[in-house]
Amino acid sequence: MDIQQQIKALSEELRKHNYNYYVLDNPTISDYEFDIKLKQLQELEAKHPEFAEADSPTKRVGGEVTKNFETVVHEHRMYSLDNSYSKEDLLDWETRIKKMVDGEVQYTCELKYDGASISLTYENGRLLKAVTRGDGTQGDNVTANIKTIKSVPLKLKGNYPAKFDIRGEIVLPFEGFNKMNEERIEIGEEPYRNPRNTASGSLKLQDSAEVAKRPLECLLYSIILYSNNSPFGRNAEGKEGLNTQFESLELARQMGFKVPDAAKLANSIDEVLEFIDYWDTHRHDLPYETDGVVIKVNNLQQQEELGYTAKAPRWAMAYKFKAEQVSTRLNEITYQVGRTGAITPVANLEPVELAGTTVKRASLHNADQIEKLDIRVGDEVFVEKGGEIIPKIIAVDFTKRPADSQPTQYITHCPDCDTELVRTEGDAKHYCPNYNGCNVQVIGRIQHFISRKAMDIEGLGGETVALLVNEGLITNYSDLYELTKEQVMPLERMAEKSAENLINGIEASKQIPFERVLFALGIRFVGETVAKKLAKHYKNIDALSQATIIDLVTVDEIGNRIAESVVDFFASEENRMIVDRLKSFGVQLALSEDVLANQTNKLQGQTFVVSGVFETVSRTELKKLIEDNGGKVSSSISSKTSYLVAGDKMGPSKRTKAETLNVPIISEQDFLNMLI
Ligand code: AMP
Ligand code: ZN
């Protein structure tokens with residue numbers, strides 16, 4: 001097989017696995033095997049960019065940055081839906097329909113997915129553009145971001161219409177949403193409030209690589225052909241063209257789109273109601289949020305006869321589920337201290353059944369929220385289960401407020417260590433400033449230090465950390481490195497073997513590379529990605545600890561908030577002592593020699609665009625060389641580009657653009673000379 005065929009075959013194979021995994025939820029190979037194949041393809045494409053397919057599976061990782069989203073007029077308007085709330089509403093709707101169309105009316109019942117609506121346009125089997133609903137007439141072009149969502153096919157399967165729009169909803173399933181929040185809490189950020197807003201916010205992120213990291217899904221529900229009388233082969237039933245909504249869902253599935261299989265045909269409003277009843281209770285088992293059901297006249301001919309009002313189709317109706325709400329008594333407000341010292345007030349409720357679970361607690365977020373709700377102990381409150389796992393308190397039932405009720409006084413001192421709390425300007429949360437003396441913070445920080453993505457200390461778990469601190473054996477993470485087997489043996493549930501494992505695990509962590517140690521230190525707002533950036537830029541902890549805010553913000557992607565937090569961290573004498581101790585024990589606090597050997601600052605402040613095929617290095621290697629030497633790689637030419645590194649077979653448009661913007665075009669050799 002020649003290279004081009006190899007690239008094609010690998011792309012096809014990866015596309016199939018993506019489909020199995022993201023559309024069918026039925027992977028047939030392990031993630032590991034998938035990653036290996038993806039790497040192979042990436043390498044082949046880097047060596048032979050001329051053979052890389054425009055919609056290669058490697059493009060899913062994003063990287064395109066959009067500063068301003070282009071406004072696009074919808075070729076076919078995106079309507080809203082009329083709402084109904086009862087059987088009567090639906091019967092009224094049926095009466096109106098029957099006046100306007102002849103014959104039997106069948107309905108397609110679908111779930112109403114709660115996310116952000118999107119319109120995808122496909123031409124000749126390829127994704128042409130993706131546009132948000134906007135005001136219905138025009139929306140934003142968010143194609144670069146949508147391309148990173150793996151359940152959106154870039155290339156269609158089987159038979160497809162020459163050109164069509166397909167509409168759907170971008171949702172963020174609960175599981176992924178909760179994981180994103182865990183990571184945010186981990187670095188001391190406020191968690192996102194609900195999946196819907198997070199999904200729609202994701203569409204407008206400027207960096208598509210950020211979107212790629214979010215576990216978004218696209219669920220499709222409607223096809224609009226550009227030309228009604230252009231038969232395009234055979235539909236689900238072997239007939240030409242599309243006749244019904246139900247068929248078009250099946251066609252969408254066959255083309256490779258994700259279409260939930262809950263959809264059902266109903267012959268009467270009674271059957272519609274059965275569907276509604278079923279999903280009103282079973283929707284809680286779905287992996288994503290739904291807020292109702294959408295009922296559509298199935299026959300597309302009848303749909304056309306019914307047409308649209310100014311705002312919505314006459315042939316469709318949404319039925320909104322009642323938000324599951326109960327009222328219960330607020331018994332107590334308690335306050336939790338997080339690893340970063342952030343205080344979260346928690347409502348302790350009289351246990352009550354809600355959406356199939358017993359609810360005892362709800363988050364109150366912060367002092368402002370308490371004030372806004374005017375919530376008090378003893379109040380009867382309304383609790384609602386939205387997207388989050390933790391339910392929220394919607395309002396207080398003021399009619400039931402006891403006469404002797406007292407306004408809630410937010411705590412002023414830390415519930416753990418009794419230190420006076422602080423709240424900085426612009427921060428919603430109160431913090432306990434007793435960084436090194438507050439037990440919860442101390443334990444939390446060490447637990448973070450040993451966690452999998454940080455020092456990954458085998459043989460040591462969160463509970464043991466708490467034991468070690470409470471027994472007075474350690475007070476910070478540097479103390480771990482002085483622990484002896486004899487010290488830990490007497491601890492609860494410790495045996496000789498497990499004590500040995502623990503000590504060995506700690507010893508082994510001295511090999512963990514600098515960037516992960518930096519993440520492990522638990523500096524507020526310094527997550528994994530930021531830690532990598534800082535490690536690469538400063539190369540060792542001494543340089544980083546001396547950096548000023550002005551200096552820090554010049555690093556790519558480091559903003560004021562992170563910079564301040566880093567400076568604060570190293571301003572503390574105690575932290576500096578702990579870091580020195582880590583260093584004395586041999587923990588990696590600098591990039592290793594072989595990483596460093598290939599890194600300089602020679603290209604600092606310069607931005608490169610790389611295009612074409614190269615002789616002595618691959619394109620990927622070239623990009624790495626730029627970054628390792630302090631330069632930046634960008635995918636498109638702008639007035640900010642310092643150089644265009646041109647290889648063989650570079651696209652003519654890049655050349656023209658570079659010439660008009662006066663961007664110097666250099667050869668591979670010119671570039672390599674810059675590094676000498
Ligand atoms: P609304 O925003 O309440 O006017 O409801 C209309 C929106 O519901 C549409 O813009 C879609 O984004 C969304 N929606 C979710 N699921 C469906 C579905 N199965 N069929 C049609 N629209 C849906
Ligand atoms: Zn405290």
Side-chain angles (χ1 to χ4, degrees), residues 74 76-85 107-120 130-137 139 165-171 195-197 199-200 203 217-224 245-246 248-249 252 257-264 272 275-276 279 283 286 288-298 303 308-313 315-321 323 335-344 411-422 429-445 469:
H74 292 296
H76 304 102
R77 192 177 145 182
M78 288 181 86
Y79 285 90
S80 180
L81 288 170
D82 283 332
N83 286 321
S84 61
Y85 300 91
Y107 304 94
T108 315
C109 305
E110 294 164 36
L111 295 173
K112 187 166 190 293
Y113 323 112
D114 204 9
S117 23
I118 193 80
S119 179
L120 311 174
V131 184
T132 62
R133 178 160 98 166
D135 63 2
T137 317
D165 286 351
I166 183 160
R167 271 134 196 209
E169 199 84 358
I170 308 288
V171 299
R196 192 209 316 122
N197 294 352
S200 71
L203 299 191
E217 276 189 20
C218 183
L219 308 174
L220 286 311
Y221 53 72
S222 137
I223 295 179
I224 297 159
Q245 164 66 10
F246 203 70
S248 67
L249 292 179
F257 292 98
K258 185 155 192 161
V259 181
D261 50 19
K264 254 204 149 102
V272 168
F275 182 88
I276 291 173
W279 284 108
R283 67 191 165 116
L286 290 167
Y288 41 78
E289 212 168 2
T290 50
D291 61 343
V293 162
V294 184
I295 307 121
K296 299 172 186 168
V297 169
N298 189 39
Q303 282 194 6
Y308 297 81
T309 66
K311 158 182 169 278
W315 44 262
M317 184 60 88
Y319 181 98
K320 290 270 171 103
F321 292 131
Y335 298 84
Q336 278 177 354
V337 192
R339 164 174 77 78
T340 56
I343 307 291
T344 304
I411 50 165
T412 52
H413 289 73
C414 175
D416 190 62
C417 70
D418 211 31
T419 304
E420 190 170 353
L421 300 179
V422 293
K429 293 219 160 189
H430 285 72
Y431 283 85
C432 165
N434 187 11
Y435 185 81
N436 285 312
C438 185
N439 220 32
V440 187
Q441 291 185 61
V442 168
I443 293 174
R445 211 165 324 124
V469 173

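First listed ligand is number 1; within each ligand, the first listed atom is number 1. Every value quoted in this text rests on a predicted model; they were computed, and no experiment measured them.
- Geometry about the Zn ion (ligand 2) gives an angle of 110° between SG of Cys417 and SG of Cys414, rounded in steps of 10 degrees.
- The nearest protein atom to atom 13 (C) of ligand 1, hydrogens excluded, is given as Glu169 OE1, 3.3 Å; this is a heavy-atom distance.
- Taking any N or O of Gly168, backbone or side chain, none lies under 3.5 Å from an N or O belonging to ligand 1.
- With a 4.0 Å heavy-atom cut-off, ligand 1 is reached by the backbone of Leu111 but not by any atom from C-beta on.
- Here Lys296 has side-chain heavy atoms under 4.0 Å from ligand 1, and that is the only part of it that gets that close.
- Between Thr290 and Tyr288, the closest side-chain pair of non-hydrogen atoms falls below 4.5 Å.
- For the pair Arg445 and Tyr435, the distance from NZ or CZ to the six-membered ring centre is under 6.0 Å and the angle to the ring normal is within 45 degrees.
- The shortest distance between side-chain heavy atoms of Ser80 and Arg133 falls below 4.5 Å.
- Although no hydrogens or angles enter the test, the distance criterion places a donor-acceptor pair under 3.5 Å between the side chain of Gln245 and the main chain of Tyr221.
- Counting atoms of ligand 1 from 1 in the listed order, those under 4.0 Å from a heavy atom of Lys320 are 3 (O).
- Closest protein heavy atom to atom 4 (O) of ligand 1: Ser80 OG, 2.5 Å.
- Between the side chain of Asp114 and the main chain of Asp291, no donor-acceptor pair closer than 3.5 Å is present.
- Rounded to the nearest 0.5 angstrom, Asp165 CG and Ile224 CD1 are separated by 5.5 Å.
- Heavy-atom separations between Ile118 and ligand 1 are all 4.0 Å or longer.
- On a distance-only criterion, Lys112 and ligand 1 share at least one N/O pair closer than 3.5 Å.
- Aromatic ring orientation, Tyr79 versus Tyr308: parallel (interplanar angle below 30°, classes split at 30° and 60°).
- From His413, atom NE2 reaches atom CG of Leu421 across 7.5 Å, with rounding to the nearest 0.5 Å.
- Every atom of ligand 1 with a heavy atom of Ser117 under 4.0 Å away is listed here by number and element: 10 (O), 12 (O).
- Considering Tyr221, Tyr113, Tyr79 only, the shortest heavy-atom separation from atom 21 (C) of ligand 1 involves Tyr221.
- Among protein heavy atoms, atom 9 (C) of ligand 1 sits closest to Arg133 NH1, 3.7 Å.
- Using a 4.0 Å cut-off between heavy atoms, Leu81 contacts ligand 1 through both its backbone and its side chain.
- Between the Ser84 side chain and the Ala318 main chain, a donor and an acceptor come within less than 3.5 Å of each other.
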